[in-house]
Structures are given as structure tokens and as C-alpha cells.
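Order of the sequence lines sets the chain letters (A, B, ...), proteins ahead of strands, with each chain counted from 1.
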2 protein chains.
Amino acid sequence: MTIEAEPKAPRTDTRKRILKTAASLFATHGYAGTSIRDLSQELGLTKAALYYHFTSKEDILAELIEQPVLAIRGVMEQEWDLTSSEQRGLFVEAVLRAMSTCDREVVAVFKDPTVAPLIDQSVAMTGVTTQLAVRLAMGLSGVDDPADVEPRHLVRAIAAVGAGYEAANGWRVVYPECETFSDMDLKAISGYVTAVLDAESPDPEVEARS
Amino acid sequence: MTIEAEPKAPRTDTRKRILKTAASLFATHGYAGTSIRDLSQELGLTKAALYYHFTSKEDILAELIEQPVLAIRGVMEQEWDLTSSEQRGLFVEAVLRAMSTCDREVVAVFKDPTVAPLIDQSVAMTGVTTQLAVRLAMGLSGVDDPADVEPRHLVRAIAAVGAGYEAANGWRVVYPECETFSDMDLKAISGYVTAVLDAESPDPEVEARS
DNA sequence: GTCTATAAGAAGATAGAC
DNA sequence: GTCTATCTTCTTATAGAC
């Protein structure tokens, strides 16, 4: 019995090829902007072939985001005291690590406006980035109820999450050969986030708002 | 001749109503995720009525983004020495001011992946946020050619622009009654951007990358 | 596992009545 | 300025041959 590199069914990587290509197209053209036809042409397959591997377009999306969404939810369900800058940094790193459990192009899909409602149905999780921002803002305000968050802290947290999200997302463009984040990378990105959270820039004027 | 509040043709605000509603829907569901049918139903009109006011769906989009894109391009075409943090702050404020020339919901459209290629054709401007990031990264690296930008500066600038973009975009959610940015608001947002640009967080490891 | 062929509907867009 | 009706193309998805 000699060693054979490809045993007998090496072509069943089609499923993975589909997921990989779908992630790339969704990231580039958006979920709604990518049709099954686009995807099948890019793969050199027919539409029908895709429907052999997946039951629907949404099914492809669901499989793409399942892992990272579950991982992030796991991190969010832990107990976190986010009132200190250090703890917030660790929290952000944990989230980034959870996000790294998926193909890197999938990250771009998280903010696709046409994807959010679909995530709700399948995995029961609304606006990942929004939830993160609210969580961090609660830490900044030192409150336990999202409703008690100070608006100025919320915009600040939204900006901070935006920095982290774009950094993680831009990583694949700037460092195409980098497959996963190193610890240094994570430190760098979470550094951007905490920089915004802890910035001594003037907070927006609160007086003029009701 | 007495003063009459509504002279005689007050219903020609339909065009503006369309633009307003389109901006809202595009921001919420994305450009590709919003159909002419969705838009007409939201407006209580028929599709044909929309096509009386605009020649195409893309025409609506073009009119929405024309002003801010021209304004931002105007700022970008100026001479800027972005090697100092102060100058970068002023640059960012100028860009934000230019962005404020449009309906606030239009801001969300700028990052719609299905919109970017359409902007290219109509206004000849690719990836507004990417261009901003490159410009700021050039300042950080102290170079005049985008090709000479250091990767670590580019990711940092991408994160910084992300912070500013999300702050500007999140503003309308956190402060719904706020129509335009005050000077204090602009200072706050540009503060988030410069916080990332000037953060002393560890830059990503450069060694492992080619 | 992949194909051809096709259904059923929604998309963007137009013609012409009122 | 808005309507009804229609056209064409594209969409997701299925049936059945190979």
C-alpha cells in the first residue's frame, strides 16, 4: 500500500471552492450584488451544480458566517468588566480572535446591509458591530443597561469599533499573504480601538441635544 | 398681492421626496438591496411615476452623491502637507465639512460595494474612503507617491478613516435631531481620526511580510 | 456531481391613456 | 404628473438526463 497524495475523492473540495469564491464575491460586490449566476460563472460551473451543494443562496451565506458569529457571540456572552481601558483592550482582542475563525473575506460581509436581516433569522444576532459598540459604550459610561449609555460615549464607541473593523478588513488588502492575525497584529488593531475609546478629543456638545 | 405660503406648484417637491426616501432606503438596505418597486411603494407612487422624475435607478443615485463627491474631490485636490498631526486634523475636518453638504443618510451609501463602480462611471472617483486613507498614509510615511507608503501606515490610516466614517455615519443614529455637524462635532470626529493616526500602539510586525 | 432545460417571479424600464 | 399595462432581462430555484 503506497502513499497516494489524492486518495480517491479529491473533487469534493467543490463545496469549499464555492464557499471561498462566494466569500470573495460577497466581499467585493456585496451579497445582494452577487447573483448565483455570477458565482457559478466565476467557478466555471452551472447554476444547477451550485444547487446540488447548497439549497439556496442564503444557505451559502449562512454557512459562511456561522462559525464567526457563534465565536463572537461566545465572547460577548462572557462576563466582562469594561470600565477600564485594559479590560476593553482584552475584550477587543478576544472579539478579533473570534472573528479570525473564518475566511478573512467573510469579515467584509458583516456590514453588508442586505445581510443583517438574514443573520437575524438564522443565528439570532443583530448588527454585530453595533452590539460591540453598545457594549463598549456601556463600559465607558460605567452602566449596566444599554439604555443608560451616554450618547457621546456611544458615538465614540461606534467610531472605535469602526476603526477596528476597517483595520481587520483592510488587513487582507494590505497584507494579502497574511492568512491569520498574529498576536502582534491583534495588539495593533485593538490598539487602534482603544486609542479612539481613550482619546482626549472633545466630546460632542451635549447641551444642544435633547 | 398678498403673501401666499404655497404659491401654486407645491407638489413639485415629489422629486425631493424621492431623493430623501431613496437615501433612506439605500442607507438601510443598500443600493442593490433596494428595488424601484420598494422605493415606489414607500413613496405611495407607481414605478412609472418615478421614471417620470428620473431616467433610471442609477440616475437617482448619481443625483444623491453628486454634491458631496464634488465637494470632497475639491478638498482632495487642494495642496495639503499631511506630515504633521495638526494638518491631518484640519484635512479631516475639511473632508467632513464637504461630506456634510448632502443628506446625512447619503453618507452610508459611500461604502456600499455595489455603488463604487457606478461612481467611477458618473463622477470618476474610486473608493472615497480608500483614497482618503492613502492620502493620510502618505502623510504618515512622509512620501509623495502612494506606492512608497509603508504598509503599517496604510492599515493605520484605513483604521483611522474607518473611525471617522463610522462616527459621521453613526451620528444620525445617536443624534437623530441633529441636521448638520457643528464645529464642535467636527472637532470631535476628527479627534477620533487623529487619535488612531497618532496612537502609540504597536505597529504590525513588518518582518514576516515580504 | 455536473449538465441542459425550464419554470415562476422580480428586476429595470417604456408606451400611451388620463 | 401620475396611472395601467406591457416588455425584456435577470433572478432564484427545480426537474430530469447523463
Side-chain angles (χ1 to χ4, degrees), chain A residues 6-23 25-26 28-65 109 112-119 121-122, chain B residues 6-26 28-65 109 112-122:
Chain A
E6 340 285 338
K8 75 171 190 182
R11 278 293 170 277
T12 316
D13 62 341
T14 302
R15 200 184 161 82
K16 288 192 178 180
R17 276 216 311 139
I18 294 173
L19 288 171
K20 185 86 181 166
T21 307
L25 289 181
F26 289 169
T28 313
H29 309 295
Y31 176 72
T34 305
S35 71
I36 295 289
R37 191 156 154 266
D38 296 335
L39 181 52
S40 61
Q41 281 185 350
E42 186 79 18
L43 285 160
L45 293 175
T46 58
K47 293 181 288 172
L50 290 195
Y51 280 99
Y52 169 80
H53 294 279
F54 295 91
T55 67
S56 67
K57 181 183 173 186
E58 195 175 332
D59 186 29
I60 300 177
L61 174 69
E63 187 141 331
L64 276 178
I65 59 177
V109 175
D112 192 314
T114 57
V115 163
L118 302 176
I119 301 184
Q121 293 175 8
S122 57
Chain B
E6 340 285 337
K8 75 171 188 182
R11 277 296 170 275
T12 315
D13 65 341
T14 301
R15 201 184 160 82
K16 288 192 177 178
R17 275 215 313 137
I18 294 172
L19 288 171
K20 184 86 181 168
T21 307
S24 173
L25 288 182
F26 290 169
T28 313
H29 308 294
Y31 176 71
T34 306
S35 71
I36 294 290
R37 192 157 155 267
D38 295 335
L39 181 53
S40 62
Q41 280 184 351
E42 186 77 18
L43 285 160
L45 294 174
T46 59
K47 291 186 290 174
L50 290 194
Y51 280 99
Y52 169 80
H53 294 280
F54 296 91
T55 67
S56 69
K57 183 184 173 185
E58 195 175 331
D59 186 30
I60 300 177
L61 174 69
E63 186 141 331
L64 276 178
I65 60 178
V109 175
D112 192 315
T114 56
V115 162
L118 302 176
I119 301 185
D120 287 352
Q121 294 175 6
S122 58

- Message: Which residues pass the salt bridge (Lys or Arg N to Asp or Glu O under 4.0 Å) test with B:E42, not counting sequence neighbours?
- Response: none
- Message: Using whole Å, what does the distance between atom C1' of nucleotide D:dG1 and atom CD1 of B:I18 come to?
- Response: 10 Å
- Message: From C-beta outward on A:H53, which listed nucleotide comes closest to its side chain: D:dA13, C:dG12, C:dT2?
- Response: C:dT2
- Query: Mind checking what makes side-chain contact (heavy atoms from CB on, under 4.5 Å) contact with A:T55, not counting sequence neighbours?
  - Reply: A:D59
- Partners of B:K20 by salt bridge (Lys or Arg N to Asp or Glu O under 4.0 Å), sequence neighbours excluded? B:D103
- Grab the CZ-C1' distance between B:F54 and D:dT2 for me, whole Å please. 15 Å
- Message: So, using side chain to side chain donor-acceptor pair (under 3.5 Å) as the criterion, who are the partners of B:T114 when residues are at least two apart?
- Response: B:D112
- Item | Pairwise distance CG(B:L45) to CD1(B:I36) - rounded to 0.5 angstrom | 11.5 Å
- Query: C:dA13 phosphate, OP1 or OP2: any side-chain N/O from B:Y51 under 4.0 angstrom?
  - Reply: yes
- Message: If you compare every side-chain N and O of B:Y52 against the phosphate oxygens of D:dG1 (OP1, OP2), does one of them come in below 4.0 Å?
- Response: yes
- Task: Look at B:T14 and D:dT2 and indicate whether a side-chain polar atom (N or O) is within less than 4.0 Å of OP1 or OP2.
- Result: yes
- In whole Å, what is the span from the CZ atom of B:R17 to the C1' atom of D:dT2? 12 Å
- Qualifying side chain to side chain donor-acceptor pair (under 3.5 Å) pairs, either residue in residues 31-41 of chain B, two or more places apart: B:S35-B:D38
- Contact check, residues 33-49 of chain B vs DNA chain D, heavy-atom distance under 4.0 Å, returns B:L45, B:T46, B:A48, B:A49
